[in-house]
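Have a look at the structure below, then the notes.
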Amino acid sequence: MSRIHVTTTINNDETDYLCETDETLLDVLRDHLDLTGSKEGCGSGDCGACTVVVDGRLVCSCLMLAAEAEGRTIETIEGMAGGDALHPLQQKFLEHAALQCGICTPGILVAAKNLLERNPNPSEEEVRYWLAGNLCRCTGYDKIIRAVMDTAANTRGAA
Amino acid sequence: MPKDEYQSRDFKVVGTRPIRPDGIDKVTGKARYGADITAPGMLWGAILRSPHAHARIRGIDTSKARAIKGVKAVITRDDFTYQPEDSDMADILDNCMAGETARYDGHAVAAVAATSKSIARAALAAIEVDYEVLPHVTDVDEAMKPGAPVIESGRQQENVPKGYSENVTGRSQYGHGDPEEGFKQADLVIKRSFKTAATHQGYIEPHACLATLGSDGQGDLWVCTQGHYMVRNVCAGVLGLDAGQLRVTASEIGGGFGGKTHVWMEPTALMLARKSGKPVKLMMSRDEVFRATGPTASSSVDVKIGMTKDGKITGAAATYRLQAGAYPGGIAFLSAMCGFAPYDLENVRTEGFEVMTNRPKAAAYRAPGAPMGAYPVESVIDELCQKLDLDPLDARLKNAAREGTKSSYGPTYPAIGLEATLKAAQSHPHWTAPLGPNQGRGVACGFWFNFGGDTCVSLMVNPDGTVSLSEGNPDIGGSRASMSMMAAEELGVPLDQVRTIIADTASLGQNEVTDGSRVTFAVGLATIKAARHAVEIMKERAAMTWGIDPEAVDWRDGAAHPAGPNAGKFPPMTIKEIAAIASNTGGPIAGHHEVNAEGAGVSFATHMVDTEVDPETGAVKVLRYTVFQDAGKAVHPDYVEGQFQGGAAQGIGWAINEEYIYGDDGRLQNAGFLDYRIPVASDLPMIEPVILEIPNPGHPYGVRGVGETSIVPPLAAIANSVSRAAGVRLTSLPMSPPKVLAALKAE
Amino acid sequence: MVAVRLWGSLAELADGQQTVEIEAANLRQLLDGLVRAYPALKPQLERGVSVSIDGKIYNDTWATPISEESEVVLLNRLVGG
Amino acid sequence: MRFETPTSVDQAVALLAADPEARVLAGGTDLLVRLRAGQVAPSVIIDIKRISEMTVISQEDGGWRIGAAVPSAEMNEHAALKADWPGVVEAADLIGSTQIQGRATLAGNLCNASPAADSVPAMVVAGALARIAGPNGTRDVAVQDIPSGVGKTSLGKGELVTSIYLPPKPAHSGDAYLRFIPRSEMDIAVVGCGVAVALDDQGKISAARVALGAVAPTVILSQSCADTLIGTTGDDAALDALAAAATAEAKPIDDKRGTIAFRKDVAGVLAKRAAKIAIARAKGEA
C-alpha cells in the first residue's frame, strides 16, 4: 500500500509526513510525530481530549484524516507556550488548580485559547457551552471555568 | 502520646495552596500517560471481544490472522498455560481472556500483536470464533430467581440461604436492635423499593500499557493504573512469573475513580510480548473501556424506616441486591454497612446480596457500594420529613451519629464530623435562598470509611540539602503536591526544596493501590515518619559535629539547634550544612518508613442541591450545589475542594443521566461518550465546597481521606431535590427525562 | 476474654450468637481463636475480614493489641475505589 | 483505500461514478466514526473541501447558497444568513461540540440520513433545495426528498450534493428549530422540530411549515400541524392544537434515547415552543 505524503505546518514548523489513508490526524501527531500532548479519549469526537486548531478552527483530530492536513496550519498543545513562558491560560490553570489527573487539560487549553481569541469577554455560560465538547471527569469543571474567566479578565485588564 | 496521634499545631506549609509540582508538564502536554510512550521495535496489540452476552466457545481459528503479513503473535486462552490456584487470580485470568465461555458482551477471546494498528485490526477481523450462544441474564432481580441462567456454578458461599439462584454468591447482614419493634413506636413508617443503574467511572484516559517479557521471565511494564504494585502482583500471579522479575512503572494516570484498581488486559500485553519477542503496546478503545472494564454494580433495594412526629427514627431496615457482573465478588455488603452509617439508631438491620450476571466484572467506583447504600435511605428519610412536615436538616441532626454512637455496622464512633456538616449546611445562605416555580431543594448525608494499608516512603537528603521523596502510589489528583508539603512541613524547609516522585516497583517496597481515599492519610503518614527518621539522623550528625549527645539536639525551622543552654552554645546547623558534610559524618542521609497504616478515620458529608424540573419534558437542570464535608485537615485545600466538586459532579451524572443500557440480546447499547452521558461543562453550575476540619485522632496532622465521600450523598440529594420540585417521589436512577415525565404524568 | 461482635450471616455460622468470647491479646490470637472455637467461620475468615478495634479498622496487623475492654467488631473485608 | 482531492465538481463526479465503493468526505464527523467502528470500508475517499465553489456561502436570487463543504461554524458567523434564516443556522449550530462545528456541514448532515439530524427539519421548513451533481448533470431537489430511510438517500450512482439553497426569506416570516436532548449539549436529538411561518398584513399566519425529526425513519413535514396555525394569530388555542397534532403525527420508536410516549409528548411541546419563537421572529419581536 503506498502512503500519502503530506506537507503541513504544525506549531509554526514546516512538517511533512507519510500516512495511510485511514490514519487520523491524531494517529499521525501521536504515533509518527511524537506530539503526544493530544490525547485519545474516545476516538469519536465526543470527549475533546484530542482538540487541535486547524486553520484557526477547533477540530477533534480523531475526526480528521491525516491526509486532509495537506497545506493546512495546525496548532497543538505543544505550541501553546512560548519557550519557557507559559501562555496566560496555562499559568491560570496552575494557579486555580484547574486540573486533577490532567488528561483533558491539553484539549481544554487549546479550546479555551481559541475562545478567548474570538471572544475576550465571555460570560460563564459562553465558556461552559464553548467547552461542552471537552469532557473532564475529575473537577466538575468549576475550577476550569474560573481559570478561563480569570484569564479573560486579566487579559482585558492588561490591554 | 505516640507521635502518630494527632497533635494540634500551627502549620507553615500544610493548608496553603502552592502550584502542583507536575503542573507545567500537564499544561504543556509533556506529561506521559499510559499511551504516550513507545519502544524500539514496538508492536501494536489489539483484542478480539465476544459480541454475545453468554456463549460457549467451541473453537477459535486463528490461522488466517497468523497468515497476514506483519502479524507477529496471535494468542487465545490456550496460550496461558499457567493455571493460578488462587480463585481470585483464576477469575482475573478468565476475565482477561475467556476460557470455556464468554460471559458478557465485550469479553476478550483472542489477541494479536502486529506491526501497525491497521494490520492488528485486520488480524482481529480474520479470527474466526465458533460460538454456541447460551441464555443470558443482565438484570439483578432476574438473576437471583431460581431457574435463571447460571453464569458459573459452584461459587455460592455458605452464607446464602436456600431458594436463590446459584448466581447469588454471597450475603451479609448488619445492624442491631429489632426494627420491627422500632416500627411499632413510629408515627409513620414508609417502605419503598429503589433501583439504580450501573454507572461507569468514566475516566477520560482509556487503559493503556507497554509490555516487554523475555523467555527468561524478566519483564517490564509501563501502565496507567491506580496501583502498579497490584498490577505486578496480579500479572505475576496470573502468568506464574516471579514478582521480582517483573518491574512495573506507573505512567501519569488520566483518571481512575476505582476503575484502575483492577487488572483488565495487562497479562494479555505481557503474553503478546513474550510470544512475539517484542515490546507490545496495548490500548483500549472507548468502546472496549465501556464493554470490558467494570462499571459499578446496578442495584435493587427495599428500604423501610419508621419515624416519630418529632423526627426520631425508631426503626430502620434495608435489603440491597447488587449485581457484580460475570464473576463472584460484589459490594452489597458495603451498601449494607454504609446506608444507615450517618445515624444513631436503636433498631437497624441491613442485608446485602451479591449477584452474578452476564455483564462485565463490576469494579470499584469511588466509595464502592456507599452511594447506592445511601440513596434509598436518604430518599425515605426525606419523604418522612415531607409527610411529617419536618425540616430535613433538623431531622437528620436529631438522629445524627456522633462520638460514642454505636454505628449501624457495629463499631462505636470516635470523634466524627457529621454534625458539623449538618450545622454548616443549616447556617449556609444556600439553605434559606428563595426557590422559583418548578424548583426544589434537596439535602442528603453520606458516609465513607477511608482506608490505610501497606505503604513505603523513602526520603533522601541530597548533598546540597535538597530533598528527594519517593512514594509508590500513582498521583491521581495532586498527591505529589501534598507529600512534598508534608515533608517540607516536617523538615522545616521551603516547599521548593522537596521533589516527590512515584517510584517503580523495583525501587521501593510494596504499596497498596491508590484507593479508599488512603493516599493523603497513609502515604502522608509514612512521609511524615520518613521525614522524622531523616531528622533523627541529621540530629545525630549535628550532635557528632558539636560533640554533644543527640538527645541534646532539637530540630526546628530546617536546622539542628542545641536543645537548651545546658547542651552547649553552637550556632544552628541547617539541613544544607549537615548535608554538605554528610560524607564526613557517616555517609548519605536518608529517612524511610514502611508501614501498614491501619486505623484511618471515617468521614461524612452533607450535600445541598437546587434543581428545576421542566414539567413538560421532565428535563432536570441543576441550579446550585453546595458540598459540606469533613476533611480532618485539608493539606492542600485546592485539591480537597477538587475532590468535593468532582465527586459531586459524578454523583450528578449518576443521578440524572448515566446508565448502562442493555438490549434484549444482552449487548451493551451505549458503549461510548455520546450515549453514556457524563456531565458536560454546560450541564453544571459552580459547585461550592465547604471544608470542615474535625481532626482524625489517628493521624499526626489530623488528616482524613477526602476522595470518595463526596460521591455518596449526591444521588439522594438530587433525587430529593427533583422529587420536591416535581411533587412526586422518584425511586429509580437515573432520573432521565422520560422517567421524570412518566412520573409526572402518572401523578 | 474479648467480646467479639459478628455480623448477621456470620452469627448464623456461630450457633446464632451475635457476640462470642475469645481469649486473645492481639489480632492474630483473635482470628486464630475464632477459627478454633467456630470452625464454620473459617471460609469467611480465609476470604478476609476487617476488624474494628475501639472504632479503628484493621485489616492485617497481627500484633494490634486487644484488651478485655476493647470493643471488637468483625466486618466484611473493606475495599475502596 | 485511496484518498482523492478533486478540485472541481466534475472531477468529484467522475471519481464517484467510477467506483461504487467510493465515499464523499465533507466534514467527516460521521464518516470517520463509521470508518473507525469498521461499519464502512470504502475503496476511495473523496475529499470535497478542495473544490472552491463548495466552500463558500453566497447570495443568489435573494436567497443563500451554502456550499456542501461549508462548516456550521461559518454559517453561525455569517450575520446576513443568520438574520434571514436563524432557525436553520441555529439548527446547524446544535450539531455537536464547538470542535464538531468546525467541520460538520449541512450537506453532510443531510446525506448521513440520520432520522435525528438537527439541520434537516429546519431546512425542510425553510423550503431548502439540495443541488445535486451527477453523471447526467445537475438537478435541484427538495431537501425532504433526499433521505429515503435510516442511513439511506435517494442519490443515484455518481451523484453528490454540492450545495444547499435557502430561498429568499418571505416578508413577515420567521423560522425556528428546537430539539430535546437529555444533556445541555453533546447529544443526538431525541425529538427535533422546525417551524416556519409567514404573517399577513393583519398579523395572521398565512403560511406555515412544521417538520418533526427523530420521530420516524425520515423527517416528517406535517400538513396537519401547519393547518393548526394557518389562519390563526398563533394564540394559545392554536398552539395547543399544534401540540396535539405534532403528538399525533409523531411515529417514533422506543430506543436507548427515549420511549414512544416520551417522544410523542415532547414532539408536541417542542412544536409549540418552536412555533412561538418563529411567530415572534415573524413579527420582528425576536
Side-chain angles (χ1 to χ4, degrees), chain A residues 1 20 22-23 27 30-31 34-47 49 76-78 80-81 86-87 89-91 93-106 108-109 124-125 127-146, chain B residues 17 19-20 22-33 35-38 116-118 201-206 252-257 283 285-287 476-478 625 636 638-639 641-650 652 672-674 678-684 686-689:
Chain A
M1 199 186 331
E20 311 278 359
D22 67 353
E23 282 185 298
D27 289 333
R30 292 183 52 83
D31 301 342
D34 278 336
L35 293 169
T36 54
S38 303
K39 308 299 181 189
E40 180 166 325
C42 68
S44 55
D46 297 310
C47 81
T76 72
I77 184 64
E78 286 88 351
M80 193 159 168
L86 294 179
H87 185 277
L89 270 165
Q90 293 171 313
Q91 187 61 37
F93 267 55
L94 294 180
E95 289 170 10
H96 283 266
L99 56 140
Q100 283 178 36
C101 81
I103 195 87
C104 70
T105 308
I108 290 186
L109 284 167
E124 181 189 327
E125 191 180 20
V127 176
R128 286 186 182 275
Y129 275 87
W130 186 267
L131 294 179
N134 291 88
L135 300 181
C136 169
R137 191 61 158 172
C138 293
T139 65
Y141 305 102
D142 184 302
K143 292 182 189 297
I144 292 170
I145 304 300
R146 288 179 199 278
Chain B
R17 299 173 184 247
I19 285 175
R20 62 195 286 164
D22 52 325
I24 289 179
D25 279 0
K26 286 184 174 164
V27 299
T28 55
K30 288 195 294 253
R32 296 192 305 171
Y33 293 82
D36 292 344
I37 69 163
T38 52
S116 79
K117 285 182 188 168
S118 54
Q201 298 81 358
Y203 33 83
I204 307 299
E205 182 199 25
E252 294 294 337
I253 176 170
F257 316 107
M283 305 180 296
S285 66
R286 179 54 53 183
D287 171 88
I476 204 161
Y625 204 108
H636 192 310
D638 276 343
Y639 293 105
E641 291 169 1
Q643 292 296 324
F644 290 8
Q645 292 163 334
Q650 285 186 318
I652 291 169
F673 279 137
L674 181 62
I678 78 171
V680 302
S682 47
D683 290 337
L684 299 180
M686 292 297 186
I687 296 168
E688 185 182 344

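The shown structure was predicted, so the numbers you read here are calculated from the model rather than taken from an experiment. Lettering of chains follows the sequences in order, A, B, ..., and the numbering in each one begins at 1.
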**Message:** Nearest 0.5 Å, please: how far is CD in Glu252(B) from CD1 in Ile103(A)?
**Reply:** 9.5 Å
**Prompt:** Where on Ile37(B) is there a heavy atom nearer than 4.5 Å to chain A: the side chain, the backbone, both, or neither?
**Reply:** neither
**Asked** Can you say whether Ser44(A) sits under 4.5 Å from chain B via the side chain, the backbone, both, or neither, judging by heavy atoms?
**Response** neither
**Message:** Between His636(B), Lys117(B), Arg32(B), Gln643(B), who has the most heavy-atom pairs with chain A when the cutoff is under 4.5 Å?
**Reply:** Lys117(B)
**Message:** For Ile253(B), which atoms come within 4.5 Å of any heavy atom of chain A: side chain, backbone, both, or neither?
**Reply:** backbone
**Fill in**
Here the gap from Tyr639(B) atom OH to Lys143(A) atom NZ, rounded to the nearest 0.5 Å, amounts to 9.0 Å
**Complete:** Closest non-hydrogen contact found for Leu684(B) with Tyr141(A) is CD1-CD1, 3.7 Å
**Asp683(B) and Arg128(A) ion-paired at < 4.0 Å** = no
**Complete:** Heaviest contributor of heavy-atom pairs below 4.5 Å to chain B, chosen from Thr36(A), Asp142(A), Asp34(A), Ile145(A), is Asp142(A)
**Request:** Please state whether the side chain, the backbone, both or neither of Asn134(A) comes within less than 4.5 Å of a heavy atom of chain B.
**Result:** neither
**Complete:** Under 4.5 Å to a heavy atom of chain A? For Phe257(B) that would be side chain
**Message:** Please classify the contact of Leu99(A) with chain B as side chain, backbone, both or neither, using a heavy-atom distance under 4.5 Å.
**Reply:** both
**Message:** Looking at Gln645(B) and Gly140(A), would you say the former's side chain and the latter's main chain have a donor-acceptor pair under 3.5 Å?
**Reply:** no
**Item:** Which atoms of Leu86(A) approach chain B - backbone, side chain, both or neither, heavy atom under 4.5 Å
**Value:** side chain
**Prompt:** Which atoms of Ala31(B) come close to chain A, meaning under 4.5 Å heavy atom to heavy atom: side chain ones, backbone ones, both, or neither?
**Reply:** backbone
**Message:** Taking every non-hydrogen pair under 4.5 Å, which of Gly133(A), Pro106(A), Ala97(A) racks up the most with chain B?
**Reply:** Ala97(A)
**Item:** Heavy-atom proximity to chain A below 4.5 Å, by part of Glu205(B)
**Value:** both
**Message:** Restricting to non-hydrogen atoms, name the atom on Cys42(A) and the atom on Phe673(B) that form the minimum distance, rounded to 0.1 Å.
**Reply:** CB-CD1, 4.0 Å
**Asked** Do you know which of Arg17(B), Met283(B), Glu641(B) has the most heavy-atom pairs under 4.5 Å to chain A?
**Response** Glu641(B)
**Request:** Using a strict cut-off of less than 4.0 Å between a Lys/Arg side-chain nitrogen and an Asp/Glu carboxylate oxygen, indicate whether Arg286(B) and Asp46(A) qualify as a salt bridge.
**Result:** no
**Item:** Contacting region of Tyr129(A) [heavy-atom separation from chain B under 4.5 Å]
**Value:** both
**Prompt:** Does Ile678(B) offer a backbone N or O that forms a donor-acceptor pair with the side chain of Arg137(A) under 3.5 Å?
**Reply:** no
**Asked** How far does CD of Gln650(B) sit from SG of Cys138(A), to the nearest 0.5 angstrom?
**Response** 7.5 Å
**Fill in**
So CD1 of Ile19(B) and CD of Glu95(A): to nearest 0.5 Å the spacing works out to 5.0 Å
**Asked** Heavy-atom distance under 4.5 Å to chain A: side chain of Thr28(B), backbone, both or neither?
**Response** both
**chain A interface, residue from Ile24(B), Ile204(B), Asp638(B) that has the most non-hydrogen pairs under 4.5 Å** = Ile204(B)
**Prompt:** For Glu23(A), is it the side chain, the backbone, both or neither that has a heavy atom under 4.5 Å from a heavy atom of chain B?
**Reply:** neither
**Request:** Start with the C-alpha gap between Lys39(A) and Asp36(B), add the side-chain angles, then the distance that decides, and say whether side chain to side chain contact (heavy atoms under 4.5 Å, CB included) holds.
**Result:** CA-CA 9 Å; Lys39(A) 308 299 181 189; Asp36(B) 292 344; 2.4 Å; yes
**Prompt:** Relative to chain B, which segment of Glu125(A) carries a heavy atom at a distance below 4.5 Å: side chain, backbone, both, or neither?
**Reply:** neither
**Message:** As an exercise: rank Asp31(A), Leu109(A), Thr76(A) by heavy-atom pairs under 4.5 Å with chain B and give me the winner.
**Reply:** Asp31(A)
